[in-house]
Amino acid sequence: MEISLIFLLYFFYLVIRYFTMDHDTPADKDRIRFEKGILLLQQREFEQGYEYFNQAVKQNPKSALAYAFRGKCQLANQNYYSAIYDLTQALNRDNTLADSYLDRGIAYYSVEQYQDAFREFDKAVWHFRGEQPDAYRWRAIARLQLSQHTQAESDLNRAVMLGDENSAYMLQQPPFVRGVVNQ
């Protein structure tokens, strides 16, 4: 009898704790905190966004999202090695940021480190749970550089299924066009 009473009290404790607990992740809290900077990036104000997130990194050195968005600004400003550094710092703090894998892959691709780029795009596909066509398209582009044409075509087809028009265009270009004869 006493045991069942203890289990019942423990169950009530767990229910109360669940409803009084904060369920937001640190990334969710940072998205609210850095809303002004995120808006700058959405408006393509990368210089101002960089300044904003540079200050955010100084004030919040443990924030993965601050590093990730500063890395996005670096990538947009074509500072590829700085972008790789910032995105690596972001992923060291929170390895679930799928956008950071995609951005870091783009930065690696831009500096012609295709094997590293492919690895990052592969991680992005996995973290996006296969629902992001950009990750498939970029992985296909990296695979083309690594001479993996069959797998690249498969990735592009998957991106097309997800609605990516750029991938559909790429499938109409060499090396995917077969049997075309110039007349």
From CA spacing to verdict: side-chain contact (heavy atoms from CB on, under 4.5 Å), Leu162, Asp164: CA-CA 6 Å; Leu162 293 171; Asp164 187 33; 5.9 Å; no
For side-chain contact (heavy atoms from CB on, under 4.5 Å), just list the numbers for Leu144 and Phe176, CA-CA rounded to whole Å, side-chain angles, deciding distance to a tenth of an Å, and then say yes or no. CA-CA 11 Å; Leu144 287 174; Phe176 304 113; 3.6 Å; yes
So Ile84 and Val111, side-chain contact (heavy atoms from CB on, under 4.5 Å) or not? Walk me through it. CA-CA 10 Å; Ile84 291 169; Val111 296; 4.3 Å; yes
Derivation of the side-chain contact (heavy atoms from CB on, under 4.5 Å) call for Ser110 and Ile106: CA-CA 6 Å; Ser110 298; Ile106 293 169; 4.2 Å; yes
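More than 12 non-hydrogen atoms from other residues, nucleotides or ligands lie less than 6.0 angstrom from CD of Gln173. Atom CD1 of Ile3 has 12 or fewer neighbouring heavy atoms from other residues, nucleotides or ligands inside a 6.0 Å radius. Heavy atoms of other residues, nucleotides or ligands lying less than 6.0 angstrom from CD of Gln43 number more than 12.
To the nearest 0.5 Å, atoms OH (Tyr108) and OH (Tyr81) are separated by 10.0 Å. In this structure, Asp99 CG and His127 NE2 are separated by 11.5 Å, a value rounded to the nearest 0.5 Å. Rounding to the nearest 0.5 Å gives a distance of 7.5 Å between CD1 of Ile38 and CD of Glu35. If you take CZ on Arg158 and CZ on Arg139, they are separated by 10.0 Å, rounding to the nearest 0.5 Å. For the atom pair Ile6 CD1 and Tyr13 OH, the distance stands at 15.0 Å (nearest 0.5 Å). Glu112 contributes atom CD, which lies 8.0 Å from atom CD of Gln145 (distance to the nearest 0.5 angstrom).
With contacts defined as side-chain heavy-atom distances shorter than 4.5 Å, the pair Leu146/Phe118 qualifies. Looking at Val160 and Tyr169, their side chains never come closer than 4.5 Å, going by heavy atoms from C-beta outward. Side-chain contact between Gln74 and Tyr80 is absent, with no heavy-atom pair separated by less than 4.5 Å. By the 4.5 Å heavy-atom criterion applied to side chains, Cys73 and Asp86 are not counted as neighbours. Within the 4.5 Å cutoff, no side-chain heavy atoms of Asp155 are placed close to those of Arg137. Side-chain atoms of Glu120 and Leu87, non-hydrogen and from C-beta on, never get closer than 4.5 Å to each other. The closest side-chain heavy-atom distance from Tyr67 to Ser100 is not below 4.5 Å.
Classification of Asp122 and Arg119 as a salt-bridged pair fails, no side-chain N sitting under 4.0 Å from a carboxylate O.
Closest approach of Ile141 to Met170, counting heavy atoms only: CG1-CE, 3.5 Å. Contact record, Ala107 with Ala83: CB-CB, 4.4 Å, taken as the closest heavy-atom pair. In plain terms, the two heavy atoms of Leu65 and Leu97 that are nearest each other are CD1-CD2, 4.0 Å. In terms of heavy atoms, Ala98 sits closest to Ala124 at O-CB, 4.2 Å.
Between the side chains of Arg93 and Ser63, not a single donor N or O lies within less than 3.5 Å of an accepting N or O. Side-chain contact of Ser154 with Asn157: a donor-acceptor pair under 3.5 Å is absent, judged by distance alone.
Gln132 meets the side-chain hydrogen bond (donor to acceptor under 3.5 Å, both in side chains) test with no other residue; sequence neighbours excluded.
In this structure, the side chain of Arg44 does not engage the main chain of Leu41 through any donor-acceptor pair within 3.5 Å. With Asp94 contributing its side chain and Thr96 its backbone, the two residues share a donor-acceptor pair below 3.5 Å.
Between Tyr114 and Tyr109, a ring centre-to-centre spacing shorter than 6.0 Å is recorded.
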Result block: side-chain N/O donor-acceptor pairs under 3.5 angstrom for residues 45-57, not counting sequence neighbours:
residue: Asn54; atom: OD1; partner: Arg70; partner atom: NH1; Å: 2.7

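Just one residue in the list Phe128, Phe121, Tyr101 forms a ring-ring contact (aromatic ring centres under 6.0 Å, His included) with Trp138, and that residue is Phe121.
Hydrophobic clustering of Ile, Leu, Val, Met, Phe, Trp and Tyr side chains at less than 4.5 Å, counting indirect connections, unites Leu156 with Leu102.
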